[in-house]
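This report concerns only the one structure given below.
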Amino acid sequence: MIDVKHARANADRLKEIVRLRKVDPAKADVDRWLALDDERRRLQWDIDQVNSEKKKIAALGRSDPDSARRKGQELRERSRELEAEMGAVIREWTALMDWFPNLIDPGMPEGAGPEDNVEECAWIPGRGYLDSAQLGRGDHSAEFMPPRPIHAGGEEFAPRHYTELGEMLGGVDTLQGGKVSGSRFAYLLGDVALMQMAIHRLLTDELVRRGYTPMVPPLLVRERALYGTSHFPEGRDQVYEIKTHNVEEPIPLFLVGSSEPTNFSYFMDRTLEESELPFRVFAATPCFRSEAGSWGKDVKGIKRVHQFDKIEMNAVCTPGQSDGVYAEFSEMNEWLMQQLALPYRIVDKCTGDAGYLASYRQRDVEVWMSGSGEFMEVMTDTNTSDYQARRLKIRYRGGDGNLRHCHTVNDTGCAMGRMLIAILDNYQQADGSVRVPDVLRETMRKDRLTPKRTEVER
RNA sequence: GGAGGAAUGGCCGAGCGGUCGAAGGCGGUGGUCUUGAAAACCACUGUGCCGGAAACGGCACCGGGGGUUCGAAUCCCUCUUCCUCCGCCA
């Protein structure tokens, strides 16, 4: 949520941001909110006056209980009416404000959708960064990216789709996953499962080396955790709700779609010391997503599934630190992509495509699938400034002794399923085998994944 | 699952239904004293909202919610959390 006073004083800018971020103007109705805000303040003033009277009457009660009783009863009635009125106003006022997007970084590109995202950089293993002239908006750099599987050597062949490779290797089983759990569920097994573990090891070692605090969080959370990071109310339809029975407390719990809400909620209602900021954590957890609204999209394979594993990086920091952490996370993303020798680009997300309401600035890392000739999103780095910290009440005491809201920054360390897809695609060989990226060979104790079947039976 | 007890400010800990935002202590900040430090002494020391340029003023908050009352930290109901004992499970 944004600062109430700021919203009131900068209503025109807020309306503009609602438009730029493509938020439903009926849900984030700024004019209605302003009217309610006036109402709220008027009522608060009235309530304060009545309470002040009540206090005086209470004192009078010692000397003259009878007249105090008479006046006091009237005041109590008045007070109850005002409180009821206030309750209704606050409910609507809050509901509108829940849909106000965060302020946006002055540097965030303006645009309508993904076609207006700005390419920050693009990198190709063995070649390095593209020239800035080769970058642009939308998919400008695509024509400069490798046209065929980049780790396949010189031999000419028709690249296989990763879903086919996964099945041939006997490492991705969506059929049995579907039988056990339904569509968009899969088993990973054998070398592909092993490869996920190796990536996990590679990244966690590095994060620990860099001083990030490992965290194993709860995955079933109460509503407030998801509200706090602004995954609610906006993304409510993306989340699995668990109807809890046979438990102590029969309230709904929700399966997290990312460990971000549960990781940041570790800090909620807390006041941190400035000296311990930035506080960086990472967690490796399963993530659960309903994918409502994209049924029928990416139905094959494991690109878009209801459950996947992800390493998430989160930081709680001061306002002065968030830009730096945002850059640091991006650098961490590039480190992993380069370690795995995968071609990628980074795009600066435009106002029309900048993700959830909390975004102040956001960039995506997209791996280049050299086998299938397309980019695929694998990481999202987001500076949410104080938006989430406000909702979660995460504050710090500054050197001057004053309390301020922290900033929060989050980034995907590694989305496992998609990273595996990217490796299968980029490291595929003519015979359907897949080379193991150099950096994973020692952990996996092998340098090649070999097909169990030469072709997929369908 | 059963039986008890508890929840007060950064921490510890008082608090007969009325003048309690709340004693006292610890911690913290500033000052006096000292060459410096310690000790001692003095003062200040919660958060949020509203009004105000500010000084300052008003209101709310004693685990959460509701109730009784002219008036609630104090009484009642309820929820949550923690502790002790019994049982069960790992």
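Note that the coordinates shown come from a computational prediction; the quantities given were computed from them, not determined experimentally. Per chain, numbering begins at 1; letters A, B, ... match sequence-line order. The analysis underlying the following values was restricted to heavy atoms, covering all of them including side chains, and did not include hydrogens, waters or symmetry mates.
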Please write out the pairs of protein N or O atoms and N or O atoms of nucleotides 44-50 of chain B separated by less than 3.5 Å, giving the distance to one decimal.
from: rU47(B); atom 1: O3'; to: R395(A); atom 2: NH1; distance (Å): 3.4
from: rG48(B); atom 1: OP1; to: R395(A); atom 2: NH1; distance (Å): 3.4
from: rC50(B); atom 1: OP1; to: R8(A); atom 2: NH2; distance (Å): 3.4

Can you check whether K56(A) has a side-chain N or O nearer than 4.0 Å to OP1 or OP2 of rG71(B)? no

Under 4.0 Å between a side-chain N or O of S52(A) and OP1 or OP2 of rG58(B)? no

Dump the pairs, protein N or O against N or O of nucleotides 65-69 of chain B, anything under 3.5 Å, distances to one decimal.
from: rU68(B); atom 1: OP2; to: R80(A); atom 2: NH2; distance (Å): 2.6

Would you give the length of the straight line joining atom CE of M313(A) to atom CG of N263(A), rounded to the nearest 0.5 angstrom?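 Those atoms lie 12.0 Å apart.
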
Return the orientation label for the F288(A) and Y240(A) ring planes: parallel under 30°, perpendicular over 60°, tilted otherwise.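 Answer is perpendicular, since the angle exceeds 60°.
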
In whole Å, what separates the [atom1] atom of [N] from that of [M]?
N	M	atom1	result
rG52(B)	rC44(B)	C1'	24 Å
rA72(B)	rG65(B)	P	15 Å
rC75(B)	rC62(B)	P	14 Å
rU74(B)	rG67(B)	C1'	15 Å
rA53(B)	rU47(B)	P	24 Å
rG87(B)	rG28(B)	P	47 Å
rA23(B)	rC77(B)	P	29 Å
rG46(B)	rU29(B)	C1'	15 Å

With no hydrogens and no angle check, do the side chains of E260(A) and Q388(A) hold a donor and an acceptor under 3.5 Å apart? yes

Will you find, in the side chains of S359(A) and T382(A), an N or O donor that is under 3.5 Å from an N or O acceptor?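 Per modelled atom types, S359(A) and T382(A) side chains form no pair under 3.5 Å.
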
Let me check I have this right: for RNA chain B, each base becomes ., (, ), [, ] or |, based on Watson-Crick or G-U pairs with both distances under 3.5 Å. What is the full string? ((((((((.[[[..)..(.....]]]((((((.......))))))((((((....)))))).[[[[[..)....]]]]])))))))....

Pair E223(A) + R236(A): basic N to acidic O under 4.0 Å: yes

Taking the basic N atoms (NZ, or NE/NH1/NH2) and the acidic carboxylate oxygens, is any pair closer than 4.0 Å for E328(A) and R210(A)? no

With 3.5 Å as the limit, what N/O pairs link the protein to nucleotides 15-18 of chain B?
from: rG18(B); atom 1: N2; to: A58(A); atom 2: O; distance (Å): 2.4
from: rG18(B); atom 1: N3; to: A58(A); atom 2: O; distance (Å): 3.1

Pair listing, side chain to side chain donor-acceptor pair (under 3.5 Å) test, anchored in residues 50-60 of chain A, at least two apart: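 Sorted result for residues 50-60 of chain A: K54(A)-S79(A).
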
Can the ring centres of Y360(A) and Y326(A) be said to be less than 6.0 Å apart?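 Here the rings of Y326(A) and Y360(A) have centres that are no less than 6.0 Å from each other.
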
For RNA chain B, the residues among residues 83-94 of chain A that have a non-hydrogen atom under 4.0 Å from it: none

